[in-house]
Amino acid sequence: MTEIEQVAARLRAFAAARDWESFHTPKNLAMALAGEAGELLAEFQWLTPEESASLDGEELGRVKSEMADVATYLIRLADILGVDLIDAIHTKMTEVEIRYPPKA
């Protein structure tokens, strides 16, 4: 079992233990994912490019937490929809590599 599959199983068990499955619809999970992405974005709002690349311990901790929230909802959504995220990423990268070939 891959690490993503392990996380998906843990999230699935977490939701089941709290009887939250009825709330974990694709629509709700996508909306929660968007909200968490907004919270991640808010951590960088008003920072210069240099500041955003050199976060201190507390700032990096908040960013790490928001990144975990984003990943959690994405993994849960993929699990609900039966999407293999790693395969989807490789497929998308192949498409992007064709669309944007390396500079000669």
Side-chain angles (χ1 to χ4, degrees):
M1 184 180 287
T2 67
E3 284 195 62
I4 287 183
E5 290 169 336
Q6 291 172 8
V7 170
R10 185 173 178 185
L11 293 170
R12 197 178 315 121
F14 180 89
R18 289 153 181 81
D19 199 26
W20 287 357
E21 294 101 332
S22 64
F23 304 109
H24 285 194
T25 64
K27 176 195 75 75
N28 287 352
L29 291 167
M31 290 174 66
L33 174 59
E36 293 300 338
E39 291 181 22
L40 175 60
L41 178 60
E43 292 296 329
F44 292 97
Q45 190 175 14
W46 312 121
L47 297 181
T48 65
E50 295 77 20
E51 291 169 333
S52 72
S54 59
L55 302 174
D56 68 25
E58 184 179 324
E59 293 166 329
L60 186 57
R62 289 193 312 268
V63 166
K64 184 178 174 180
S65 179
E66 295 304 337
M67 290 172 68
D69 288 341
V70 168
T72 296
Y73 281 116
L74 182 60
I75 291 169
R76 184 73 175 131
L77 178 60
D79 187 43
I80 295 290
L81 294 175
V83 171
D84 178 332
L85 276 177
I86 300 302
D87 181 61
I89 291 167
H90 285 298
T91 299
K92 183 66 176 189
M93 284 303 305
T94 298
E95 293 170 5
V96 171
E97 288 168 344
I98 292 168
R99 190 177 316 137
Y100 302 103
K103 293 184 179 191

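Only heavy atoms go into these numbers, but all of them, side chains included; no hydrogens, no water, no symmetry mates.
- Residues M67 and E36 form no side-chain contact, since every pair of their non-hydrogen atoms from C-beta on lies 4.5 Å or further apart.
- A side-chain donor-acceptor contact under 3.5 Å links N28 to the backbone of F23.
- With rounding to the nearest 0.5 angstrom, the CD atom of Q6 is 6.5 Å from the CE atom of M1.
- Each of R10, R18, R12 was evaluated against F14; a single residue qualifies, R18, per the side-chain contact (heavy atoms from CB on, under 4.5 Å) test.
- Looking only at distances, a side-chain donor or acceptor of E51 sits under 3.5 Å from a matching main-chain atom of T48.
- A 4.5 Å side-chain heavy-atom check between I80 and T25 finds every atom pair outside the cut-off.
- Taken to the nearest 0.5 Å, the NZ atom of K64 stands 13.0 Å off from the CG atom of D69.
- The minimum heavy-atom distance linking A15 with E21 is given by the pair O-OE1, 3.9 Å.
- Tracing side-chain contacts under 4.5 Å through hydrophobic residues (I, L, V, M, F, W, Y), one never reaches L81 starting from M31; they form parts of separate clusters.
- Taking the side chain as every heavy atom from C-beta outward, L11 and D79 never approach each other to under 4.5 Å.
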Full working for side-chain contact (heavy atoms from CB on, under 4.5 Å) between L55 and L47: CA-CA 10 Å; L55 302 174; L47 297 181; 3.9 Å; yes

Pairs of donor and acceptor atoms involving the side chains of residues 89-104, under 3.5 Å and at least two apart or interchain, shall be tabulated with distances.
residue, atom, partner, partner atom, Å
T91, OG1, D87, O, 3.0
T94, OG1, H90, O, 3.0

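- Not counting sequence neighbours, the partners of E58 by the side chain to side chain donor-acceptor pair (under 3.5 Å) test are R62.
- Looking at every heavy atom in both residues, I75 comes nearest to I4 through CG2-O, 4.2 Å.
- One N or O on the side chain of S54 and one on the backbone of E50 form a donor-acceptor pair closer than 3.5 Å.
- Of the possible polar contacts, one joining the E5 side chain to the T2 backbone as a donor-acceptor pair under 3.5 Å is found.
- Linking Ile, Leu, Val, Met, Phe, Trp and Tyr residues whenever their side-chain heavy atoms come within less than 4.5 Å leaves F44 and W46 in two separate clusters.
- When side chains are defined from C-beta on, E59 does not count as touching E43, because their heavy atoms never get closer than 4.5 Å.
- Separating the CG atom in L60 from the OG atom in S65 is a distance of 11.0 Å, to the nearest 0.5 Å.
- Under the 4.5 Å side-chain heavy-atom criterion for ILVMFWY residues, a single connected hydrophobic cluster contains both L77 and V83.
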